[in-house]
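Below: one structure in structure tokens.
So that the names make sense, note that chain A is the first sequence line, chain B the second, and so on, each numbered from 1.
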Amino acid sequence: MSSPTTRVTTRAMTRVIPRTVSGRVGLALLLLVVLIALTGTWFAPHDPNRTLAAPYTPPSGRLPLGADFLGRDVLSRVLSGGRSVLLYSGLATLLAYAGGLTIGLVAGYSRSWLDSVLMRVVDVLLSFPALVFLLLLATAAGRGIGSVVIASAVVQLPPIARIVKTAALEQSVRGYVEAAVARGESTFSVLRREILPNISRTLAADIGLRFTWSVLLIASVNFLGLGLQPPAADWGLMVSENRGGAALNPSAMLIPAALLGVLTLAINLLGDDMSGGDR
Amino acid sequence: MSGPAAHGAPILTVRDLRIQTAAGAEIVGGVDLALEHGQTLGIVGESGSGKTTMALALLGYAARGARIAGGEVEVDGESLLGLSEGALREVRGRLISYVPQDAGQALNPSLRIGASIGDVIRARGVEGTSRIRGLLAAVDLPNTDAFARRLPHQLSGGQQQRVTIAMALGCEPPVVVMDEPTTGLDVVTQQSVLREVRRLRQERGVSIVYVSHDLAVVSQIADRMAVMYAGRVVEEGPTADLLNNPRHPYTKGLIQSIPNHRQPTALVPMEGTALGVEDRPTGCPFAPRCPQRTDACVEALPELIDLGPGPGSGTGPDLAPGGRHLVRCLHHAATPPVEAGPALGSHEAAAARAAALSVTGLRATHRGRAETVVAAEDITFDVAAGECVALVGESGSGKSTIARCLVGLHRPEAGTITLAGTELADRIRKRTVEQRRGIQYVFQNPFQSLNPRRRIGEDLARPGRVLRGLSAADARAEVPALLERVRLPARLADRFPHQLSGGERQRVAIARALAARPDVLVCDEVTSALDVSVQAAIIEVLASLRADLGVAVLLITHDIGVVAVAADRVLVLEHGLVCESGPTGQILRAPQHPYTRRLIAAAPTLARHPGGEP
């Protein structure tokens with residue numbers, strides 16, 4: 001029999017390395033995009049906010065990806081524009097999950113009046129169109145990326161709470177959950193030890209989808225001028241800013257769009273891997 | 001198409017049928033079978049024996065992940081295998097049809113039953129409500145339009161199963177394959193469905209392949225029986241002959257594992273567990289568990305040996321080839337005859353001891369949106385240390401609700417529960433740790449009672465920590481002893497539940513309850529999801545717990561056979577009320593209440609002597 005320590009390390013290892021080929025591809029792509037986002041600014045050849053050429057100048061030796069709608073270097077802006085995407089979308093997703101998970105678990109597990117109250121509130125929130133609601137919230141909270149992040153978390157919270165609730169409800173009648181209740185385990189312990197590990201796969205698949213949504217939502221709001229303000233470099237913002245010159249210098253729009261695509265693809269591949277699993 | 005049982009050409013012939021997984025592992029290997037006109041062939045096997053896979057292959061169908069690798073299936077002279085999907089569709093229903101295991105799941109919940117039956121006959125170009133009504137009448141269901149307009153959920157389990165039988169009969173096929181048609185039904189309903197099947201065979205001359213894990217049920221209906229183990233037929237012969245004179249050690253082990261409530265004796269469990277599809281050996285698949293094993297058994301798979309017409313089939317219509325007894329065992333001559341286990345100890349011995357648990361005037365209800373249903377009313381009983389009391393009743397009799405009240409998962413409306421002299425609070429949160437430790441509950445479904453994301457060892461250590469205040473290391477150190485207590489190897493502590501069989505999981509669940517060192521163990525249908533050989537082993541474990549540790553056991557079951565071999569006293573529940581109670585022997589010998597009598601009469605036993613039921 002192996003000693004406890006080696007077992008823990010091998011378990012931690014197998015948890016990090018995806019089991020399927022597509023999961024591994026997802027992890028590799030994710031690492032690549034994160035690397036670009038985090039270290040890109042160090043390699044940017046120019047100041048991302050300086051006008052260097054005529055608007056929509058096609059790629060050339062000096063500007064490998066050409067210039068954007070204000071004549072700034074697209075490559076430098078691409079290299080600097082990932083950090084805000086990861087930061088704000090990631091933050092919004094985490095916030096949404098923190099709220100949705102708590103509400104969903106409590107509602108799904110308690111099976112009391114609390115469930116009805118929480119879920120009716122969630123239903124009311126669900127009935128608003130997400131983008132309209134988001135704009136309303138962000139406007140009310142004042143301009144700035146902070147309120148956009150919080151607002152997009154609130155908008156995404158209801159569907160998360162629904163999914164978590166359904167999954168937790170299904171678990172709460174299982175024998176191992178009832179056994180824990182009959183042992184007198186605390187509600188927190190039952191939720192953390194018995195229910196959460198068994199719904200984590202469903203949630204892993206969902207979290208990728210939510211992140212994709214966060215990216216799109218925040219990019220749309222940025223485009224409408226409520227969140228990040230120009231001249232900040234941001235992939236989402238770049239796609240909308242440069243769409244007018246798609247014929248003149250397509251890379252100004254397509255490269256950031258492709259990076260956003262790769263990022264969401266990577267996260268969804270990873271999520272699928274974790275939710276599929278072998279057990 | 002009824003008529004005298006025509007001898008000669010069989011209506012269904014299976015030759016060298018082989019089914020594999022996509023990876024090439026053998027699920028079913030080289031099966032030969034023959035079914036004669038108007039006869040019933042029983043196919044018996046435990047979970048994983050390949051019986052359902054084979055039953056489906058008789059219709060030329062292979063489930064996902066399986067592939068019919070070779071062989072021949074012939075119905076009424078027409079060969080099925082190798083036909084195109086379209087041709088097969090035409091054959092199914094006309095020549096051979098299928099009654100699935102779980103009628104509740106097999107019927108489309110949003111289709112009225114008349115429409116479901118209509119779909120089957122319309123596919124064959126027959127129209128008309130009169131035909132649908134005729135079919136309903138044929139399976140003893142009300143043949144009214146109102147009934148045909150019902151949805152499946154408005155029918156009882158037995159009625160649903162009759163509808164699936166009516167669908168199978170829709171196009172009057174000469175052969176019907178029935179896969180566990182009574183599993184999941186309560187005994188009284190099971191009895192009536194079996195009667196129906198017998199009647200259909202007599203009146204319509206349908207030939208039946210009856211697949212089941214339940215040897216007792218098959219023995220009541222089959223003319224011939226084939227016993228499957230690890231994808232092979234290990235023994236085949238006329239029912240009475242096979243049961244009275246089993247020549248394969250596995251068949252003998254199965255027979256000895258079945259509790260008989262008419263003559264209760266201790267069960268004789270088999271060693272070991274069945275093998276998975278992936279790790280079947282080259283030799284006799286039963287060799288690892290066989291007491292008669294020799295080196296020759298391990299080297300090569302024994303052939304089916306023809307023992308000729310058995311002594312029990314010398315008379316009557318059971319002549320060759322139908323009367324032959326075949327066995328796949330090198331040492332079949334050495335197989336000892338079926339022996340009854342040792343007689344059971346005195347039932348009344350424990351009653352003199354002080355009560356570990358007593359329940360007085362318990363009343364429990366389920367509150368629905370519209371109405372409140374009384375699940376149990378005025379329940380009073382006690383269980384002494386080391387004693388086993390059984391709560392018997394059919395589904396819906398309130399027995400599980402009573403158990404849940406005891407462990408604090410359901411709040412009783414009235415009554416008291418007293419454990420070791422102290423009255424328990426109605427809610428788990430208000431009970432002390434010591435009280436929670438005192439009563440432990442083993443759940444019905446072993447596939448849902450263990451957390452799939454936790455290793456067995458972690459699960460077994462938890463009650464010791466929470467309920468007995470042990471340190472993590474101390475709780476962990478007890479795990480090997482707990483596993484040994486339920487006859488499992490200590491290495492299982494590192495496994496996850498999905499790596500264990502159903503029987504192993506149920507033993508782990510019992511071990512988890514024991515980790516709390518309980519005074520009372522509440523076992524809710526702990527064997528109903530398991531094969532009989534596994535059931536026998538679990539009953540043995542329970543008996544040893546009572547004898548060695550003095551644990552009081554409350555056994556909740558619908559199975560009269562289990563009660564007969566395991567319980568000292570019985571309470572019979574009908575619609576939430578105790579209708580009869582007393583010592584097991586007395587209740588089984590001389591039941592007073594009509595409900596108890598019906599329950600006992602309907603419980604299947606092995607029909608080991610020609611002539612069927614006693």
Side-chain angles (χ1 to χ4, degrees), chain A residues 1-12 14-15 19 105 109-116 119 167-205 274-279, chain B residues 403-404 406-410 427-437 439-455 457-459 462-468 472-473 476 480 490-491 493-499 505-506 508-509 512-513 515-516 518 522 524 526:
Chain A
M1 233 171 88
S2 57
S3 73
T5 27
T6 51
R7 199 167 63 230
V8 168
T9 32
T10 45
R11 276 175 71 182
T14 48
R15 208 171 280 175
R19 280 176 288 255
L105 282 178
Y109 174 67
S110 75
R111 283 185 281 171
S112 64
W113 56 269
L114 204 58
D115 171 21
S116 320
M119 279 339 242
L169 188 65
E170 194 205 325
Q171 290 291 318
S172 67
V173 295
R174 297 285 171 105
Y176 46 86
V177 176
E178 298 208 307
V181 174
R183 274 201 300 271
E185 305 253 12
S186 68
T187 302
F188 178 74
S189 170
V190 174
L191 290 177
R192 190 183 65 83
R193 293 176 53 91
E194 313 291 341
I195 294 184
L196 199 52
N198 287 298
I199 63 173
S200 58
R201 282 201 232 150
T202 315
L203 303 188
M274 282 190 264
S275 62
D278 61 356
R279 24 179 121 106
Chain B
R404 294 171 64 82
L406 297 181
V407 290
L409 289 170
H410 189 99
R427 265 191 293 188
I428 197 86
R429 295 255 180 264
K430 290 197 247 160
R431 293 187 185 176
T432 65
V433 173
E434 182 56 24
Q435 289 169 343
R436 292 200 297 259
R437 184 197 60 75
I439 305 185
Q440 290 295 312
Y441 188 30
V442 183
F443 292 85
Q444 175 168 6
N445 188 341
F447 298 93
Q448 287 196 0
S449 64
L450 302 176
N451 190 330
R453 301 302 290 267
R454 247 184 302 143
R455 283 166 206 272
E458 296 172 60
D459 229 9
R462 189 73 186 167
R465 294 211 62 189
V466 177
L467 298 171
R468 286 167 48 216
R476 188 83 211 175
R491 64 188 150 80
D494 271 346
R495 305 271 174 88
F496 282 101
H498 74 96
Q499 296 168 304
R505 285 188 223 197
Q506 196 60 285
V508 170
R512 183 178 62 188
V522 180
D524 190 357
V526 285

Side chain, backbone, both or neither: which part of B/R431 has an atom under 4.5 Å from a heavy atom of chain A?
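Neither part; nothing is under 4.5 Å.
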Give, as side chain, backbone, both or neither, the part of B/L467 having an atom under 4.5 angstrom from any heavy atom of chain A.
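Contact with chain A involves the side chain of B/L467 alone.
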Go through the steps to decide whether B/R454 and A/N198 satisfy the test side-chain contact (heavy atoms from CB on, under 4.5 Å), and finish with yes or no.
CA-CA 10 Å; B/R454 247 184 302 143; A/N198 287 298; over 6 Å; no
Output yes when B/R453 and A/E194 qualify as a salt bridge under the 4.0 Å nitrogen-oxygen rule, no when they do not.
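Salt bridge absent between B/R453 and A/E194.
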Which residues pass the side-chain contact (heavy atoms from CB on, under 4.5 Å) test with B/R465, sequence neighbours left out?
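Checked B/R465 against side-chain contact (heavy atoms from CB on, under 4.5 Å); matches are B/A472, B/A475.
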Donor-acceptor pairs are to be reported for all side-chain atoms of residues 175-185 of chain A against protein atoms at under 3.5 Å, with residues two or more places apart or in another chain.
from, atom 1, to, atom 2, distance (Å)
A/Y176, OH, A/Q171, OE1, 2.5
A/E178, OE1, B/R404, NH1, 2.7
A/E178, OE2, B/R404, NH1, 3.2
A/E178, OE2, B/R404, NH2, 2.7
A/R183, NE, A/E185, OE2, 2.9
A/R183, NH2, A/E185, OE2, 3.0
A/E185, OE1, A/S189, OG, 2.9
A/E185, OE1, B/R462, NH2, 2.7
A/E185, OE2, B/R462, NE, 2.8

Heavy-atom pair of closest approach, residues B/N451 and A/R193
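Residues B/N451 and A/R193, closest heavy atoms: ND2-O, 3.2 Å.
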